[in-house]
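Working notes for the structure below.
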Number of protein chains: 2
Amino acid sequence: MQSNGVEGNLLRGTLDFLLLASLEHGPLYGLRIIQDVQNRTGGHFNFKEGTLYPALHRLEKRGLIHAEIRPSDVGGPPRKYYHLTDTGLTELERQRDAQRAHAQALRPYLEFA
Amino acid sequence: MQSNGVEGNLLRGTLDFLLLASLEHGPLYGLRIIQDVQNRTGGHFNFKEGTLYPALHRLEKRGLIHAEIRPSDVGGPPRKYYHLTDTGLTELERQRDAQRAHAQALRPYLEFA
DNA sequence: GCCATTACTTTGTGTCACTATGTAGTCATG
DNA sequence: CATGACTACATAGTGACACAAAGTAATGGC
């Protein structure tokens, strides 16, 4: 029942970018990615597992990221560390350009008023 | 089959905002709105009628805009001029805040690199 | 009456974020 | 070696919505 209204749709087309960008500086596993995004956006984006994992699977299926299972080093179930592939890095740059262009195009609507 | 890839999803959650913002400075009819958005974004957004009109109907159903049919002044079929309601103006401000917050939260991912 | 042009409509489709729930691995405690 | 707590990952079902494509209607010029 999507309580968000606007924010849910704003995440669309941005989520993949956020995930790819999170892996830019080294592999991370699922729940850490959520934390990473939360940290870097000052808590603005706080999606749940049901949003994250399907997205990760999509990216993996597209060959943009690749998973490697490692046992947890603090106890608990094993973790799937995702890292960017070469194609993934290219796609990340492409999406960053798209995001910049989008922000740029939107600027006239955001200044003043 | 959505040839866009990224851009289509980026329009999501932004389209309603663009439409409301287009009506901020006076009523416009459908096709003029498309032109207005194209002009103000340097051609970045160029959606078609199949995207526009369902969105307008949604906004109308929510009571954010209101239509008034006027005969064309240059020949051709009559036009439906949409204008913002009071609720629509409030919603526009709300969405502008959301857009600003979104852009702000995304900034760390766009600078450098 | 045609035809082009303008404006609005509609149908069907695929994608995807979201909620909610389920499964499984590890550890501590008794 | 149960049981509970915690962590991590998985998935089913749902609704929203941008999009392409094709259709309808109104006017004016010829």
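Every chain is numbered from 1, with letters handed out A, B, ... down the list of sequences.
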How about CG on D73(A), more than 12 heavy atoms from neighbouring residues, nucleotides or ligands closer than 6.0 Å, or not?
yes
Contacts to DNA chain C from residues 27-34 of chain B, heavy-atom cutoff under 4.0 Å, which residues?
Y29(B), G30(B), L31(B)
Assess whether a salt bridge exists between E24(B) and R96(B), defined as any Lys/Arg side-chain N lying under 4.0 Å from an Asp/Glu carboxylate O.
yes
Sidechain N-carboxylate O distance under 4.0 Å for R40(B), D36(B)
yes
Go through dC9(D), dA16(D), dT10(C) for me and flag the one nearest to the N9(A) side chain.
dA16(D)
Does any residue of residues 59-82 of chain A have a heavy atom under 4.0 Å from DNA chain C, and if so, which ones, in number order?
G75(A), G76(A), P77(A), P78(A)
Could you walk me through whether F45(B) and H102(A) pass the ring pair (Phe, Tyr, Trp, His ring centres under 6.0 Å) test, one step at a time?
CA-CA 9 Å; F45(B) 296 110; H102(A) 180 82; 5.6 Å; yes
Nearest to the side chain of H57(A), heavy atoms from C-beta on, is which of dT11(D), dA17(C), dA18(D)?
dT11(D)
More than 12 heavy atoms from other groups under 6.0 Å of NE2 on H66(B):
no
Residue R58(B), side-chain heavy atoms: nucleotide from dA18(D), dC8(C), dA10(D) that is nearest:
dA18(D)
Under 4.0 Å, counting only non-hydrogen atoms across every strand here, what does L56(A) touch: a base, just sugar-phosphate, or nothing?
nothing
Separation of atom CZ in F47(A) from atom P in dC16(C), rounded to whole Å
15 Å
From CG of L11(B) across to P of dA20(D) the rounded distance in Å is 11 Å
Contacts of E49(A) and G50(B) projected onto DNA chain C by closest heavy atom; the upstream (5') one is G50(B)
Tell me: OH of Y53(B) to P of dT6(C), nearest whole Å?
13 Å
Test for a donor-acceptor pair under 3.5 Å between the base of dT15(C) and the side chain of R12(A), counting only N and O atoms.
yes
Is L52(B) touching bases, backbone alone, or none of the nucleic acid, heavy atoms closer than 4.0 Å?
nothing
